[in-house]
Chemist: 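I have a structure I would like to understand better, so I am pasting it below and will then ask my questions one at a time.
Any value given below was found using the heavy atoms of this structure, including those in side chains, with hydrogens, waters and symmetry copies removed. In this text the structure is predicted, and so the values were computed from the model without any measurement. First the proteins, then the strands, lettered A, B, ... as listed; each starts at 1.
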Number of protein chains: 2
Amino acid sequence: MAQTPLAQDEFRPASTAGEARRLQILDIAARHFRTRGYAAVSMRDIATEAGMRTPSLYYHFPSKDDLVIAVMDRGIAVVRETVAAALDALPPDAGAKPRLVTALRAHLHALHSLSDYTSANVRIFGQLPEALRRANLPERRAYQAIWSELLAPTCAAEQSRLPERVAIFIGAMNATLEWVDPARTDLEALADHLAQVLLDRLLEDVGA
Amino acid sequence: MAQTPLAQDEFRPASTAGEARRLQILDIAARHFRTRGYAAVSMRDIATEAGMRTPSLYYHFPSKDDLVIAVMDRGIAVVRETVAAALDALPPDAGAKPRLVTALRAHLHALHSLSDYTSANVRIFGQLPEALRRANLPERRAYQAIWSELLAPTCAAEQSRLPERVAIFIGAMNATLEWVDPARTDLEALADHLAQVLLDRLLEDVGA
DNA sequence: TAATTATTCTACCTATCGTTAGATAGATTT
DNA sequence: AAATCTATCTAACGATAGGTAGAATAATTA
């Protein structure tokens, strides 16, 4: 009992060999969930790709539920930290619009090219049984808080519309997962286009 | 061989008793797929709710694939016809913006309160194996064509961006499925809010 | 070296999945 | 009345799912 198990920092990766194995399994699971959905991915699939037999997986994660929850929570943590870091890098006097554009870019980056966790989260959230969805809600609310602050200046008149507006923005960004081919799309251009649609006026009042 | 089997009109519902049964099964399937996802709904679930044993289902649909494809295609057909009808009801000289707002309202209506088919389609499309997704693509493209026409005036400068803009709009509308509680949300207000975000300028250039 | 812990293994369980075979009852047609 | 068609049934198949028991190996510590 010599070793004091120091409180694990969520994002200091792989301090021990066991931790590295756990992260490797999570990586594999996230990639499979992202591309094939929740129910279609079996514990056998994940174990095989990790080079082990199925029951060995249960040494690292006590159930499929625990495994998927770990992927889901990490998915939100990744995008939240990515966006927060990008905002922190801005000059402190940056206005509402550059802050929004910066956050939008960071979100798309986390979603499309940083890892499989955030995309897996967005893809399979709606497929999960309600108990698993509820487990991910605290993380999600913490992330929404960032966007509430960012979008508050666009809702000056009616703050009651703010939660709905947050949902519209996050929904529109996440929807790009459904149709963007990450290999063939310029993410910078996509971010600019989304910012234009969401923040600028699209139509001069030509017609009636 | 007396009866000439006249070509079935896709949308004349329930001319025969057999057709009615088939539509009832489709209704049940759509509702279950919408709320619980594709893989989580078994043929047994659908059969039980239809008041029959599982194999009897196979008299009406030769496989789960056929059943889900029927639901998916009908889902797009419903929203396409709803939007087309709403646009046809406008005066012929209506401008781009009222046409967009009208289409947006009709789309949200089909998605949230008209039936379970369109919402089922949006919910489970990403969960389907690729072959089933491909089967639904012709319907989807036909629907996208409507929005291409609607959005072309907003893309006058760069028509090359039009397909991406269509995807952004449809994606933003469909994303409301993830967070809107249809019982407690005023769809009219939601449509206005979405139109405001997507079509009007949100920010005066206050900041940098 | 001996004891202990960490990790993976083989073998198997029960439940559920989509689907098929083949019989049957009622309705319709010849 | 005989034959056929419609719609459902009972019974079961092979495949695969998540998960467990308990032995065996590899690494670490006493």
Side-chain angles (χ1 to χ4, degrees), chain A residues 1-6 8 14-29 32-33 36-72 124 127-132 135, chain B residues 1-6 8 14-29 32-33 36-72 124 127-132 135:
Chain A
M1 60 175 46
Q3 185 156 345
T4 309
L6 73 142
Q8 285 288 355
S15 49
T16 75
E19 273 296 303
R21 193 69 157 139
R22 193 187 143 94
L23 283 179
Q24 182 207 359
I25 293 170
L26 280 175
D27 281 351
I28 294 168
H32 275 93
F33 285 142
R36 294 166 49 216
Y38 165 66
V41 176
S42 69
M43 295 295 267
R44 281 164 175 80
D45 294 333
I46 298 168
T48 299
E49 186 153 336
M52 57 174 68
R53 305 302 179 118
T54 316
S56 307
L57 213 49
Y58 287 81
Y59 174 80
H60 301 277
F61 296 91
S63 71
K64 190 183 182 183
D65 285 3
D66 288 86
L67 177 54
V68 76
I69 285 175
V71 170
M72 295 296 284
I124 73 177
Q127 308 176 25
L128 299 181
E130 210 234 327
L132 298 184
Chain B
M1 71 197 11
Q3 186 155 345
T4 308
L6 74 144
Q8 286 287 354
S15 48
T16 75
E19 274 296 302
R21 194 69 158 138
R22 192 188 145 93
L23 282 179
Q24 182 206 1
I25 293 169
L26 281 176
D27 281 351
I28 293 168
H32 275 92
F33 286 142
R36 294 165 50 214
Y38 166 65
V41 176
S42 69
M43 296 296 267
R44 282 165 177 81
D45 294 333
I46 298 168
T48 299
E49 187 152 336
M52 56 174 67
R53 304 303 179 116
T54 317
S56 306
L57 216 47
Y58 286 80
Y59 175 80
H60 301 276
F61 295 92
S63 72
K64 189 182 182 183
D65 284 2
D66 288 86
L67 177 53
V68 76
I69 285 175
V71 169
M72 295 295 286
I124 73 178
Q127 308 175 24
L128 299 182
E130 209 233 328
L132 297 184

Chemist: Got a sec, which pairs hit side chain to side chain donor-acceptor pair (under 3.5 Å) with one end in residues 55-65 of chain A, sequence neighbours left out?
Modeler: Ser63(A)-Asp66(A)
Chemist: Taking only side-chain nitrogens and oxygens of Arg21(A), does any of them come within less than 4.0 Å of OP1 or OP2 of dT8(C)?
Modeler: yes
Chemist: To the nearest angstrom, how far is Phe61(A) atom CZ from dT8(C) atom P?
Modeler: 12 Å
Chemist: Any side-chain N or O of His60(A) less than 4.0 Å from the OP1 or OP2 oxygen of dA6(C)?
Modeler: no
Chemist: Whole-Å distance between dA7(D) P and Met52(B) CE?
Modeler: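 Going from CE in Met52(B) over to P in dA7(D) covers 10 Å.
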Chemist: Let me have a per-nucleotide readout for nucleotides 12-23 of chain D, 5' to 3', with B, S or -, counting only protein heavy atoms under 4.0 Å.
Modeler: -----BBBBB--
Chemist: Rounded to whole Å, how long is the line connecting atom CZ of Arg22(B) with atom C1' of dT6(D)?
Modeler: 16 Å
Chemist: Not counting sequence neighbours, which residues clear side chain to side chain contact (heavy atoms under 4.5 Å, CB included) with Thr48(A)? List them please.
Modeler: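 Per chain and number, Thr48(A) pairs via side chain to side chain contact (heavy atoms under 4.5 Å, CB included) with no residue.
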Chemist: Are the side chains of Leu67(A) and Leu26(A) in touch, meaning some heavy atoms are under 4.5 Å apart?
Modeler: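 Counting from C-beta outward, Leu67(A) and Leu26(A) do come under 4.5 Å.
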Chemist: Using atom CZ of Arg53(B) as one end and atom P of dT24(C) as the other, report the distance to the nearest whole Å.
Modeler: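 In whole Å, dT24(C) P lies 17 Å from Arg53(B) CZ.
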Chemist: Which atom pair, heavy atoms only, marks the closest approach of Ile124(A) to Tyr38(A)?
Modeler: CG2-N, 3.8 Å
Chemist: If you take all heavy atoms of Asp45(A) and Ala40(A), which pair is closest and at what distance?
Modeler: OD2-O, 3.9 Å
Chemist: Taking OP1 and OP2 of dA7(D), is either one under 4.0 Å from a side-chain nitrogen or oxygen of Ser56(B)?
Modeler: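 It does not, given that no N or O in the side chain of Ser56(B) lies less than 4.0 Å from OP1 or OP2 of dA7(D).
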Chemist: Grab the OH-C1' distance between Tyr59(A) and dA24(D) for me, whole Å please.
Modeler: 15 Å
Chemist: To the nearest 0.5 Å, what is the distance between CD on Glu19(A) and CG on Leu23(A)?
Modeler: 6.0 Å
